Q: 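Below you'll find the structure I mean.
The figures here come from the full heavy-atom set of this structure, side chains too, leaving out hydrogens, waters and symmetry mates. Treat the numbers as computed from the prediction; the structure is a model and nothing was measured. Lettering follows sequence order; numbering is per chain, from 1.
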Amino acid sequence: MGGSGCGKSVLLKHVIGIEHPAKGRIWINGVDTSLLDDVELRDLHMGIGMLFQSSALFGSMTIGENIALPLTEFTSLSGPDIESIVKMKLGMVELAGYDNHFPSELSGGMKKRAGIARAMALEPAMLFLDEPSAGLDPVTSAGLDLLIGKLNEGTGTTMVIVTHELETIFNIAHRVIMLDKDAKGIIAEGDPRKLKTDSDDRRVTDFFNRRVTDKMYKGTGL
Amino acid sequence: MPDPVAYEITTHDTGETILVLSGRLDLNRFGALSPLIKSLFDSYKPSQLNVDMTGINYIDSSGALFIVKLEDEAMARSVPFSIHGLSKEKMGILDLIDREALDAPSLATKERALNVVEQVGNASISATRDIYDIVSFCGELVYELVRSARHIRKVRWGDVVSYMKKVGVDGLPIVGLISFLLGLIMAFMSSLQLKQFGANIYVASLVAVAMIRELGPIMTAIIVAGRSGSAFAAEIGTMKVNEEVDALTTMGFSPIRFLTIPKVIASLLTVPVLTIFSIIFAIMGGLIVGVVGLNLTIFTYIQQTIKAIAIFDVVSGIIKSLVFAMTISAIGCQRGFKVRGGAEAVGNATTSAVVTSIFLIIVIDSAFAIILHYIR
């Protein structure tokens, strides 16, 4: 978590291997990803699921086809087996019956759910979610938080969520890492509830308590 | 390579069947295990089915799906079913499976394939709409061009210069190369015939007349349609997808004036210049064949070329290239504005812009050929 522009999404893209670090190393499950060749990186990616901020569903495919795509490409499952798994995944994200809909026919919240179903198609050990509740209304956003929590508990999948939504952080996070633009790195780490009350760092408590800086008040008359 | 499936089936005299599963019950095993759902009941005909999962060390949702489907099959056949040995944490994944969702009918049915009559009807309606759209877009474009001419300062000249570079300067190398090779080929092929009659000198006339009257304007237009017409469609199409065009409208701008006029003006200014370059490069190609293959001197070749060039042909070629420029930029922009949806629609608009432009270039060229025949 962290304010806008602190590098949350950029860091996530480095972790999942879309971007390559100019300096430093990235370790996943004890493996230094900078030492992997293309084939090894692809195998690593298959163990990782990713929900993009815009859901990134393929517009020319139905929701069912979007979820089935990694299963048809990377497994030897039969057509009926893939269909069963697609229906099961849609049920898990509460989109039963939407397999023949196109992404353009779904609301923002439904697209996020479908994106999660696709990200989980290959049963990844790790799931990365980039701002899952961005652009959603508070009720839909809270529903999505509940779903993410339920999936995390049920599947035991490690989930890394990039967000600046305080509600999402308190609803689902077991541990948070806070980034800061000026510090160009991590400024806090731990239980979000404890950080909110116990942190000595003003930047951390300001963030959790939605306090704006004195400079921002200037000229507002408040 | 998926892990081998570790399961064992034992039956008792009472008909009770025990399925012992061990190791990982995951997606990699789902394919191998799913045929077991039916075959277990058909082969063993159990009166009761107990699944022993004590040896399971990992289960994912696909593994849970196998267990749920096994239980559903047992219920359908009225066979008592039970699970043993799965820890409480691992049981949680079974609760994630929504049983009703597995048989839920699709809320949207796939569109049925249209028969031939329906397809012809659809194509006719879409062609009629397309013509209507192009005509109405051209009307708006002409209106905006007239407005821009009256308020010349409001034209975005910075954009015009930028598009002139993209259409003209960046397009010059490929137009030059293709035209040079075209002149070379034309001169070489015609020389093979003209040599027999001792009419080598007319190779220069042939290349010059063909390029100025027809091939120069048409080849340049086709290359510009492929390079820039497609780029215009993709640019405006992407802006439509990103709601940038809607933003312009809500801010009170005319999207046609803001986005199309600079592209049209840039094309009108650069395509005739590119056409002239195309003709010059083709004549240079012909010159090389004439000098190297036909023993003509550079001076003789150029003199014959100048003799063959008529001012009427040059002017008509330039007018043609202006009309082509207008067509390419207008169609490129119109196809971009028609984009609805996402990436696929942008791709379709790009293809459509190139195909429609080339088609219209040929149609307009035919019209010019007839008109110029009667004027000349």
Side-chain angles (χ1 to χ4, degrees), chain A residues 46-47 49 54-65 70-71 74-106 110-111 116-117 120-125 147 149-157, chain B residues 1-2 24-38 57-70 72-73 87-111 241-242 339-348:
Chain A
M46 282 169 63
S54 61
S55 302
L57 294 165
F58 304 120
S60 57
M61 296 180 185
T62 62
I63 298 302
E65 287 166 347
L71 294 166
F74 300 119
T75 70
S76 51
L77 290 170
S78 64
D81 284 346
I82 289 177
E83 201 181 318
S84 303
I85 293 175
V86 167
K87 281 186 177 287
M88 179 262 289
K89 296 286 177 193
L90 283 170
M92 276 169 70
V93 296
E94 293 152 24
L95 282 179
Y98 283 90
D99 43 346
N100 279 341
H101 278 67
F102 282 91
S104 57
E105 296 169 323
L106 301 189
M110 289 161 109
K111 279 185 199 164
I116 293 175
M120 296 188 81
L122 289 176
E123 309 284 359
L147 175 74
K150 192 176 88 176
L151 292 174
N152 175 242
E153 211 169 295
T155 61
T157 307
Chain B
M1 181 75 187
R24 291 175 70 87
L25 189 55
D26 59 13
L27 180 68
N28 286 333
R29 288 183 171 187
F30 184 80
L33 282 171
S34 72
L36 189 68
I37 296 168
K38 287 241 180 297
N57 51 37
Y58 176 79
I59 179 169
D60 63 18
S61 62
S62 301
L65 176 65
F66 167 71
I67 299 295
V68 168
K69 289 193 118 188
L70 201 62
D72 286 351
E73 188 69 23
S87 65
K88 205 179 162 192
E89 306 90 73
K90 290 195 184 103
M91 281 295 264
I93 199 151
L94 291 172
D95 298 333
L96 276 184
I97 311 292
D98 178 357
R99 286 158 197 265
E100 284 175 17
L102 300 179
D103 300 315
S106 290
L107 296 172
T109 48
K110 279 189 178 170
E111 279 182 26
V241 172
N242 293 338
V339 166
R340 299 273 183 286
E344 198 189 9
V346 176
N348 290 341

Q: Please classify the contact of K69(B) with chain A as side chain, backbone, both or neither, using a heavy-atom distance under 4.5 Å.
A: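 Looking at K69(B), just its side chain touches chain A.
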Q: For atom CD of E153(A), is the number of surrounding heavy atoms from other residues, nucleotides or ligands below 6.0 Å larger than 12?
A: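 Not more than 12 within 6.0 Å, no.
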Q: Answer with side chain, backbone, both or neither: which region of S104(A) has an atom nearer than 4.5 Å to a non-hydrogen atom of chain B?
A: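 When you check distances to chain B, no heavy atom of S104(A) falls under 4.5 Å.
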Q: Measure the shortest side-chain to side-chain distance between L77(A) and L27(B) over non-hydrogen atoms and say whether it is less than 4.5 angstrom.
A: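 Touching, per the 4.5 Å side-chain cut-off.
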Q: For the interface with chain A, which of G342(B), A101(B), S106(B) has the highest count of heavy-atom pairs at distances below 4.5 Å?
A: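 That would be S106(B).
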Q: Determine whether L96(B) and K150(A) make a side-chain contact, defined as any pair of heavy atoms from C-beta on separated by less than 4.5 Å.
A: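 Yes - at least one pair of side-chain heavy atoms lies under 4.5 Å apart.
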Q: Please determine whether side chain to side chain contact (heavy atoms under 4.5 Å, CB included) holds for the pair E123(A) and D26(B), giving the CA-CA distance in whole Å, both sets of side-chain angles, and the decisive distance to 0.1 Å.
A: CA-CA 8 Å; E123(A) 309 284 359; D26(B) 59 13; over 6 Å; no
Q: Among residues 80-89 of chain A, which residues come closer than 4.5 Å to chain B, judged by heavy atom distances?
A: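 The list, in residue order, reads D81(A), S84(A), I85(A), K87(A), M88(A), K89(A).
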Q: Which one wins on heavy-atom pair count under 4.5 Å against chain B: G97(A), G91(A), A96(A)?
A: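 When all of G97(A), G91(A), A96(A) are compared, G97(A) has the most.
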Q: D98(B) vs M92(A), test: side chain to side chain contact (heavy atoms under 4.5 Å, CB included). Steps then yes/no.
A: CA-CA 6 Å; D98(B) 178 357; M92(A) 276 169 70; over 6 Å; no
Q: Where on L95(A) is there a heavy atom nearer than 4.5 Å to chain B: the side chain, the backbone, both, or neither?
A: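 Neither; nothing under 4.5 Å.
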Q: Could you tell me which of P105(B), S34(B), S62(B), A345(B) has the largest number of non-hydrogen atom pairs under 4.5 Å with chain A?
A: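 Greatest number of close heavy-atom pairs with chain A: S62(B).
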Q: Please flag which part of A125(A) lies under 4.5 Å from any non-hydrogen atom of chain B: side chain, backbone, both or neither.
A: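 Answer is neither: A125(A) stays 4.5 Å or more from chain B.
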Q: From N28(B) CG over to T75(A) OG1, what is the distance, rounded to the nearest 0.5 angstrom?
A: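 One finds 8.5 Å between CG of N28(B) and OG1 of T75(A).
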Q: I'd like to check the salt bridge (Lys or Arg N to Asp or Glu O under 4.0 Å) partners of D72(B); sequence neighbours left out, ordered by chain and number.
A: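 Salt bridge (Lys or Arg N to Asp or Glu O under 4.0 Å) list for D72(B), sorted by chain: R99(B).
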